[in-house]
Amino acid sequence: MQNELTLYNTLSRSKEKFTPINSGMAGMYVCGPTVYSDVHLGNCRTFISFDLIYRYLLHLGFKVRYVRNITDAGHLEGDRDEGDDKFTKKAKLEQLEPMEIVQKYTLGFHDVMREFNALPPSIEPTATGHICEQIEMIKEIIANGYAYEKNGTVYFDVEKYNKEFSYGQLTNRKLEELLEGTRELGGQDEKNGRLDFALWIVAKPETLMKWLSPWGWGFPGWHIECSAMSSKYLGDTFDIHGGGMDLQATHHTNEIAQSQACNHKAPVNYWMHTNMLTVNGVRMSKSAGNGFLPGELFTGNHALLEKGYSPMAVRFFMMQTHYRSTLDFSNEALQASEKGYARLMNAIKLLDKLKTADTSTSNIADLKQKCYDAMNDDFNAPVLVANLFEGARIINSVNDSKETITADDLATLKSMMHSFVFDVLGLKSEQSNSGNDTALKGVMEVILDIRKDAKERKDFAASDKLRNDLAKYKITIKDTKDGVTWSIEE
RNA sequence: GGUCCUGUGGCCGAGCGGUUAGGCAGAGCUCUGCAAAAGCUCCUACAGCGGUUCAAAUCCGCUCGGGACCUCCA
């Protein structure tokens, strides 16, 4: 669509024109959640950012295969490749089977994504469903000489790999620098090198989630699942790999090393990283204990929240910040978004009621182009939103007969507003269902009729009482030139 | 200690060499019985100090803040 899509590639640290491997198609892999606890809002931001990217690629007409995994195995608590995996630990805590933990939090994750109106990915593979692929990949890496086995655990040999490839390329660091920042190996460590990481981890007698491998019973290391599943579904080299910025230095660095060591090819053309959500300037994270659960945000049931915010208000809040900038949470900012979102949606509702004229006072084609320019510039949603507000302004002005619009321009404006707001930004109307209730509609008609009579008699005390009483039930009455309207606030 | 990012009006947040970003809040006006909504107008900022340039929020240097990663985290 008008001009080309560019995106910021972490590999080159610059914006690049997006050229897919296969014309008209796009393969995208995004690191999904580890389902051992509830997703917090910070996690959601990443997935909502990539939902925007997915939606825009679809809007541009790309045939997109979007793969987002579910990590449901392995993933140790520390960096020492020992102890329980996160699922076993949580299972013991909640007295459930590990797979019950997985099921519980996977369902919770899907519920939250649905609330945020995030499209489901094309494929959502699980680590436990791809143990064979991971074992095969590890075997290949060992065969190629980049990994070694010690007592049932397989380690990736980072220093050997670095002799031929650049291990720190994603974060622009040299191996010597990385080694300096790592602690010395303790006496009990069996790894050869300080930076070596586990591909496969030996099971202990009490380990609950384990599989039989050529190296005995064990479970996969965290990084190998993404390498195995991305190459299975998208090929040895694919277009876009995304994830949160916190995964860049370790997880994605190791993914590149694994895939390169296995397939002798760079796995990804464009690496995209989304920035963190912060609270009072500090990153929201599970370990910092400053995260909210989406449910707490919707209900307002949290010490930091003054009130509840609807999923769409929150989504809109996120869309007003670029995905590579940190987004700082605050009640004030969220309330501003809530109002701005309502303003935008109200304008869209007016689109169907506008009267057309022989001339247009605004350049709609130009505005539409600006929307594309914003999104083509590394998915700049905040600028898109600014342009959509310009659209809202035009709609309101035409509605007030302060400006005019031709039928053709109105059709363009309408399709532009709808496709960008609903399809690309992924917003949806939060109109209460009760508004469609025929009984309620009837009652409102009767009430408004009574009020109309009162107003005609200049009995404003009576008409105001009706309006104020209805307000208690969050029903808003507006007297406009063309008559009375009513709506229910969520 | 190392690798980076960042500091924009009351708040959030784009811009990254020459234009009013935008939203919210605030003030005034128009419309209205009033209210709400909407429109118009106003509030015109870029941490500090130097430098480059015809021109800097935007590039360079220094100073002072804030943050991330280097250890599990989206």
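Below, chain A is the first sequence line, B the second, and so on; all start at residue 1. What you see below is based on every heavy atom in this structure, not just the backbone, and it leaves out hydrogens, waters and symmetry mates.
- Using P as the reference atom, B:A57 and B:A21 are 12 Å apart when rounded to the nearest Å.
- Residue A:E332 contributes atom CD, which lies 12 Å from atom P of B:G10 at whole-angstrom precision.
- Taking atom C1' on both B:C43 and B:G10, the two are 10 Å apart, rounded to the nearest angstrom.
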Read 5' to 3' with Watson-Crick or G-U pairs under 3.5 Å, [ ] for crossing pairs and | for partners on another strand, RNA chain B gives (((((((..(((.....[...))).(((((.......)))))....(((((..]....))))))))))))....
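- For A:F329 and A:F292, the ring centers are positioned less than 6.0 Å apart.
- B:U19 and B:U71 have their C1' atoms separated by 48 Å, given to the nearest Å.
- Look at A:E338 and A:K307 and you find a salt bridge, because one of the NZ, NE, NH1 or NH2 atoms lies within 4.0 Å of a carboxylate O, short of that distance.
- Comparing B:A27 with B:G15, their P atoms are spaced 31 Å from each other, to the whole Å.
- Using a 30° and 60° split on the angle between ring planes, A:Y29 and A:H241 fall in the tilted class, from 30° to 60°.
- Contact annotation: A:N387 does not reach the phosphate of B:A21 (side-chain N/O to OP1 or OP2, under 4.0 Å).
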List the steps and the verdict of side-chain contact (heavy atoms from CB on, under 4.5 Å) for A:Y323 and A:Y8. CA-CA 11 Å; A:Y323 76 89; A:Y8 184 87; 4.1 Å; yes
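- Separation of the A:F47 and A:F116 ring centroids does not fall under the 6.0 Å cut-off.
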